[in-house]
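What follows is one structure encoded as structure tokens, with my remarks underneath.
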Protein chains: 2
Amino acid sequence: MPNQNPSIDQMFSALADPTRRAVVQALSQGPATVSQLAAPFAMALPSFTQHLGVLEEAGLITSRRQGRARLCVLNGPALRDAEDWLAAHRRQWEARLDRLEAHLETLKPAAPEKEPSDD
Amino acid sequence: MPNQNPSIDQMFSALADPTRRAVVQALSQGPATVSQLAAPFAMALPSFTQHLGVLEEAGLITSRRQGRARLCVLNGPALRDAEDWLAAHRRQWEARLDRLEAHLETLKPAAPEKEPSDD
DNA sequence: CGATCACTTAGGCCCATGCCTAACCAAAAC
DNA sequence: GTTTTGGTTAGGCATGGGCCTAAGTGATCG
């Protein structure tokens with residue numbers, strides 16, 4: 001069962017692995033079974049399903065049994081959560097740059113501040 | 001020295017740690033020295049600076065020596081890279097949902113498809 | 001110059017992660 | 001009902017990550 005309360009920790013560390021990112025990429029095109037997903041990888045199946053387990057624990061995918069196969073589906077909104085975290089902090093950073101710039105503007109004719117832009 | 005070619009792997013795994021995310025958060029407010037950043041954490045300094053090393057290798061921060069201290073600065077655009085990866089795949093996923101919906105629309109009076117929405 | 005401050009380097013411990021093989025299970029095909 | 005297919009469970013090995021303490025370095029302060 002998918003983790004109902006996936007942490008941002010789990011998401012980012014799930015995404016830190018190239019195999020798992022490739023799975024996310026594949027699933028962004030649509031659902032697929034375990035063996036379909038596993039096919040491109042030179043890896044034993046148990047190792048691969050372990051990756052799927054990590055993705056599912058992280059809330060990035062869900063899966064359901066379909067006959068003797070297992071169909072995996074990407075959980076789009078979960079990606080959004082990680083995206084939002086990044087966006088929030090990048091915006092903070094940008095806002096600060098803007099304030100700094102504005103401040104420098106007010107000092108135009110005076111001496112530069114203690115934080116030189118290194119360009 | 002900061003890694004000039006940070007991989008998306010390095011970024012995501014750097015962001016997978018709560019200490020390191022807290023550092024990113026702190027630096028989104030503006031530059032700070034190692035010990036300023038370390039202060040809130042109940043952790044030996046060498047352990048903490050190791051985290052800074054990971055962030056720097058991942059290209060998420062840069063740092064320069066300032067007297068006997070070391071000033072760390074967030075690298076905003078790097079956050080953007082991770083954000084973009086996520087956005088790209090989420091958009092793929094959304095696009096597919098849209099196509100699926102549109103397709104279902106064309107079948108309105110007919111039987112539902114093999115992929116039920118689980119709401 | 002000696003002491004202190006802000007780190008860094010070196011080395012070690014422990015648990016988590018990523019991979020494997022071998023064996024098992026359950027649905028489907030024959 | 002036996003075999004094949006699709007996947008899981010169990011268990012083991014090796015590397016890496018996160019933490020520590022102890023000792024070193026280089027800039028500043030008295």
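Naming convention: chains lettered A, B, ... in sequence-line order (proteins, then strands); numbering from 1 in each chain.
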* Structure fact -> In short, B/L37 meets B/L52 closest at the heavy-atom pair CD1-CD2, 4.2 Å

* Asked: Where is the tightest heavy-atom contact between A/A16 and B/F12, given as atom of each residue plus distance?
  -> CA-CB, 3.7 Å

* Which two nucleotides bound the region of DNA chain D that has atoms under 4.0 Å from heavy atoms of chain B, read 5' to 3'? -> D/dG18 to D/dT28

Tabulated below should be each protein N or O lying under 3.5 Å from an N or O of nucleotides 1-7 of chain C; please produce it.
residue: C/dC5; atom: O4'; partner: B/R68; partner atom: NH1; Å: 3.2
residue: C/dC5; atom: O2; partner: B/R68; partner atom: NH1; Å: 3.3
residue: C/dC7; atom: OP1; partner: B/R70; partner atom: N; Å: 2.9
residue: C/dC7; atom: OP2; partner: B/S35; partner atom: N; Å: 2.8
residue: C/dC7; atom: OP2; partner: B/S35; partner atom: OG; Å: 2.2

* To do: Please check if A/I61 and A/V73 belong to a single hydrophobic cluster, counting links between Ile, Leu, Val, Met, Phe, Trp and Tyr side chain heavy atoms closer than 4.5 Å.
  => no

* Asked: Hey, would you say the A/W93 and A/H89 ring centroids sit under 6.0 Å apart?
  -> no

* Length of the line joining A/F48:CZ and C/dG18:P, which is rounded to integer Å -> 13 Å

* Structure fact -> Residues A/L27 and A/C72: closest non-hydrogen pair is CD2-O, 3.5 Å

* Earlier contact from the 5' end, DNA chain C, for A/G67 and A/S13 -> A/S13

* To do: Report yes if the side chains of B/L79 and B/L60 come closer than 4.5 Å at any heavy-atom pair, otherwise no.
  => yes

* Whole angstrom value for the distance that separates C1' of C/dA16 from CD of A/E57 -> 15 Å

* For the atom pair CG (B/L71) and CD (B/Q36), what is the distance rounded to the nearest 0.5 Å? -> 7.5 Å

* Whether A/Q10 side chain and A/S7 backbone form a donor-acceptor pair below 3.5 Å -> yes

* Rounded off to whole Å, could you give me the NE2-to-C1' distance for the A/H51 and C/dG18 pair? => 6 Å

* Asked: Atom CE of A/M43 and atom P of C/dC20: how far apart are they, to the nearest Å?
  -> 6 Å

